[in-house]
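Naming: A, B, ... by sequence-line order, numbering from 1 per chain.
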Amino acid sequence: MQKIFEETHKDANSNARLGLLSLGHGVVETPVFMPVGTNGTVKGMYHQDVEKIGYKLILGNTYHLYLRPGMEVLDQFGGLHAFSNWKHNLLTDSGGFQVFSLSGLRKISQKGVSFQSHIDGSKHLFTPEKVVDIQKVIGSDIAMCLDVCTPPEISLKAATEAMHITHSWAERAILHRNSLGESFRGNLFGIVQGNFYKELRKESAQFFNSMEFPGIAIGGLSVGETKEQFIEFLAYTADIVTKEKPRYVMGIGSPDYILEAVENGIDMFDCVLATRMARNGAVFTDDGVVVLKKAIHKFDARPLEEGCTCTACTQYSRSYMHHMVKTGEMLGGMLATEHNLTYFYRLMEKVRAAIAEDRFSSFKRDYLARFYGR
RNA sequence: GGAGAGGUUCCCGAGCGGCCAAAGGGGGCAGACUGUAAAUCUGUUGGUUACACCUUCGAAGGUUCGAAUCCUUCUCUCUCCA
């Protein structure tokens with residue numbers, strides 16, 4: 001197994017760390033936030049602008065891309081990089097989360113997960129092997145194992161069963177990856193599950209520590225639990241997952257969740273929040289979230305955030321952004337998305353600088369105090 | 001001048017004797033959004049001393065136990081004919 005991660009600095013007063021993640025389409029500095037581009041596009045953004053902000057690693061989604069445009073199209077174009085003209089790294093989620101969020105349409109068995117398309121209702125089966133195959137065609141630099149993600153407050157029995165299926169699927173995914181040899185060029189990551197039971201989290205983390213995965217994700221968080229639960233289980237799980245490999249918490253977040261993860265030594269995270277909230281008219285700033293549709297911005301000539309380099313902040317006022325949002329113009333969502341992605345990129349730059357200077361914990365405390373207006 | 005249609009809560013618009021403070025949109029306001037079935041969804045939108053009362057369906061008067069709904073007059077708008 002090839003080593004793709006190198007820790008370059010460890011914060012003196014917390015578990016936060018800096019690292020370099022070497023992937024098929026370039027090196028990525030960690031901790032890193034990855035924008036989500038489910039359908040081969042970060043909604044509302046040109047790839048060139050995502051790149052210009054500085055992002056070198058974005059997400060795609062196996063489930064969505066498999067349904068549309070389908071494997072034949074992606075195969076013809078030689079993968080998603082060429083098809084979507086994205087020159088940097090791609091991480092694809094396995095569809096495990098869709099298995100969870102589209103739960104009304106799916107059925108899980110030891111064999112795999114059968115589900116109905118949310119688009120046309122057609123029936124499909126995902127097995128751990130098939131999901132590896134799909135991500136091979138997509139050309140993912142990081143591919144995720146098919147897993148079973150579960151919501152909070154399920155029984156120990158149900159959580160155990162879901163975890164065991166996740167583990168057996170991981171073993172099969174590894175075997176299948178190995179059988180593909182050189183033709184599978186991505187890095188297959190395992191996903192720790194275990195719901196909100198510490199004994200299961202421990203078992204799952206140890207299981208994945210022992211497996212031949214180049215990176216490990218902590219899954220099953222940010223699925224509807226309280227923030228206290230999130231913090232508790234993040235810290236507990238992160239403490240057990242090996243520090244030799246890149247560690248990825250899936251599906252976060254907001255600045256508080258991200259900083260919490262970084263403090264626990266997490267290297268990677270992705271979230272739709274930045275882009276979705278932008279499309280719904282809310283932008284992030286160091287002073288908190290600004291809801292653009294509010295009348296308070298109607299005559300405000302200031303930019304969204306002083307000093308921000310994005311298009312909205314350098315060329316338009318809050319008043320204009322308010323107008324864009326109120327009128328439902330496409331440009332509003334586009335500008336807000338670019339702003340939010342710029343915001344999160346700069347936040348991560350500040351995070352990395354703080355770690356480099358061994359002051360992450362105070363940075364986190366001060367940042368959140370300002371963000372939440374205290 | 002003649003004939004017809006119509007004036008409903010911020011706007012459009014349903015209602016055509018009681019279940020109407022009045023459907024449904026829109027707009028406004030508030031909230032949610034965390035491995036994207038989301039440029040989406042939810043709540044709220046006359047007043048108050050609030051499981052009740054008050055004011056409200058162009059205006060005034062009338063019929064009725066009861067009227068946004070029926071009658072009379074007035075007023076305004078629109079369409080057609082002169």
Please list, pair by pair, any protein nitrogen or oxygen found under 3.5 Å from a nitrogen or oxygen in nucleotides 24-28 of chain B.
from	atom 1	to	atom 2	distance (Å)
rG28(B)	OP1	K326(A)	NZ	3.1

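No contact: G44(A) has no heavy atom under 4.0 Å from any strand.
Within the shown strands, nothing qualifies as a pairing partner of rU56(B) under the Watson-Crick or G-U definition with both distances less than 3.5 Å. The partner of rG4(B), taking Watson-Crick or G-U wobble pairs whose two distances both stay under 3.5 Å, is rC78(B). Nucleotide rA32(B) forms a Watson-Crick or G-U wobble pair with rU40(B), both donor-acceptor distances falling under 3.5 Å. Applying the Watson-Crick and G-U wobble criteria (two distances, each under 3.5 Å), rU49(B) pairs with nothing in any strand. The pairing partner recorded for rC10(B) is rG26(B), the criterion being a Watson-Crick or G-U wobble arrangement whose two distances lie under 3.5 angstrom.
Between N280(A) and rA38(B), a side-chain N or O to OP1/OP2 separation shorter than 4.0 Å is absent. For the OP1/OP2 pair of rU36(B) and a distance below 4.0 Å, the side-chain nitrogens and oxygens of K43(A) include no atom meeting the criterion.
Put simply, the side chain of S101(A) and the base of rU36(B) share no donor and acceptor less than 3.5 Å apart.
Every residue two or more places apart in sequence or in another chain that forms a side chain to side chain donor-acceptor pair (under 3.5 Å) with H124(A) is listed here: Y66(A), S122(A).
Evaluated for a side-chain hydrogen bond (donor to acceptor under 3.5 Å, both in side chains) with H88(A), the options K56(A), H47(A), H81(A), E51(A) yield exactly one hit, E51(A).
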